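Quick caveat, the model's predicted, so the values are computed rather than measured.
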Amino acid sequence: MDEATSAGISEPLDLVKLSLGERVFIKLRGDRTITGVLHAYDAHMNVVLSQVEESIHLVDVTDQGEPLPPRVERRNVEMLFVRGDGVILISPTQQ
């Protein structure tokens, strides 16, 4: 019996269910990533997180159209609702 079956995983959302109350990494559209503690989710991948750190990956350009070095803007949020249509992936974070 493989590890996934022994953990009671029979559907994709079962993996998300195992992460409830745990810290997760979420990649979003628009070059954004967030990490936070997962409190709730639904079949549309709408999620509620606490202790959230959001990172926005930006590449600015000069007036001549030349790209500047990439930079990351970060912000912390106590509680956040994320609409599921922006979610690309959800993964448990490495402790």
Chemist: Can you confirm whether L58 sits close enough to E73 that some side-chain heavy atom of one is under 4.5 Å from a side-chain heavy atom of the other?
Modeler: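 The answer is yes, as the side chains (C-beta and beyond) meet within the 4.5 Å cut-off.
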
Chemist: Which atoms form the tightest heavy-atom contact between L49 and L38, and what is the distance?
Modeler: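 Nearest pair, atom of L49 first, then L38: CD2-CA, 3.6 Å.
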
Chemist: So do the side chains of V52 and V37 get within less than 4.5 Å of each other, counting heavy atoms only?
Modeler: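 A side-chain contact is absent here, since even the closest heavy-atom pair is not under 4.5 Å.
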
Chemist: Any side-chain heavy atom of I34 within less than 4.5 Å of one from V77?
Modeler: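 The answer is no, as the side chains (C-beta and beyond) never meet within the 4.5 Å cut-off.
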
Chemist: If you define the side chain from C-beta out and look only at heavy atoms, does anything of D85 sit under 4.5 Å from M45?
Modeler: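 Answer no - side chains too far apart.
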
Chemist: To the closest 0.5 Å, what do you measure between CD1 (I88) and CG (L28)?
Modeler: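 Reported value, rounded in 0.5 Å steps: 7.0 Å.
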
Chemist: Any side-chain to backbone donor/acceptor pair from R83 onto H44? Under 3.5 Å, distance only.
Modeler: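 No; zero donor-acceptor contacts below 3.5 Å.
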
Chemist: Answer whether the closest heavy-atom distance between the side chains of I56 and D31 falls below 4.5 Å.
Modeler: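 Answer no - side chains too far apart.
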
Chemist: Looking at side-chain heavy atoms only, is the closest gap between E53 and R74 below 4.5 Å?
Modeler: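 In short, these two side chains touch, coming nearer than 4.5 Å.
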
Chemist: Could you walk me through whether R71 and H57 satisfy the side chain to side chain contact (heavy atoms under 4.5 Å, CB included) test, starting with their C-alpha distance in whole Å, then the side-chain angles of each, then the deciding distance to 0.1 Å, before giving a yes or no?
Modeler: CA-CA 6 Å; R71 62 187 174 90; H57 305 270; over 6 Å; no

Chemist: Looking only at heavy atoms, which two atoms of T62 and L68 are closest? And how far apart?
Modeler: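 Minimum heavy-atom contact is CG2-CD2, 3.5 Å.
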
Chemist: Taking only residues two or more places apart in sequence, or in another chain, which ones meet N76 in a side-chain hydrogen bond (donor to acceptor under 3.5 Å, both in side chains)?
Modeler: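 In terms of side-chain hydrogen bond (donor to acceptor under 3.5 Å, both in side chains), with neighbours along the sequence ignored, N76 is linked to no residue.
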
Chemist: Is a side-chain N or O of D14 found less than 3.5 angstrom from the main chain of S10, in a donor-acceptor match?
Modeler: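 Flag set: sc D14 to bb S10 pair under 3.5 Å.
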
Chemist: Decide whether L89 and L15 are clustered together by the hydrophobic rule: side chain heavy atoms of Ile, Leu, Val, Met, Phe, Trp, Tyr closer than 4.5 Å, transitively.
Modeler: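 No, L89 and L15 fall in different hydrophobic clusters.
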
Chemist: For G84, does its backbone N or O pair with a side-chain atom of N46 as donor and acceptor, under 3.5 Å?
Modeler: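 Yes, N46 side chain to G84 backbone: donor-acceptor pair under 3.5 Å.
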
Chemist: Is the backbone N or O of K27 less than 3.5 Å from a side-chain atom of T33, with the two atoms forming a donor-acceptor pair by type?
Modeler: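 Such a contact is absent between T33 side chain and K27 backbone.
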
Chemist: Indicate yes or no: at least one non-hydrogen side-chain atom of V82 is less than 4.5 angstrom from one of V87.
Modeler: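 A side-chain contact exists here, since the closest heavy-atom pair is under 4.5 Å.
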
Chemist: Passes side chain to side chain contact (heavy atoms under 4.5 Å, CB included), I90 versus F25? Steps please.
Modeler: CA-CA 6 Å; I90 298 178; F25 169 83; over 6 Å; no

Chemist: Taking side chain as C-beta onward, heavy atoms only, is M79 less than 4.5 Å from V48?
Modeler: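 In contact.
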
Chemist: Evaluate the criterion side chain to side chain contact (heavy atoms under 4.5 Å, CB included) for residue pair V61 and E66; output intermediate values, then yes/no.
Modeler: CA-CA 5 Å; V61 294; E66 299 294 324; over 6 Å; no

Chemist: Please name the pair of heavy atoms, one in S55 and one in V72, separated by the smallest distance, quoted to 0.1 Å.
Modeler: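 For S55 versus V72, the nearest heavy atoms are CB-CG1, 3.9 Å.
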
Chemist: Are L13 and V47 connected in the hydrophobic side-chain network, where two residues link if heavy atoms are under 4.5 Å apart?
Modeler: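 In one cluster: yes.
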
Chemist: Set out, in order, the CA-CA distance, both residues' side-chain angles and the distance that settles side chain to side chain contact (heavy atoms under 4.5 Å, CB included) for S50 and H39, then state yes or no.
Modeler: CA-CA 7 Å; S50 67; H39 288 280; 2.6 Å; yes

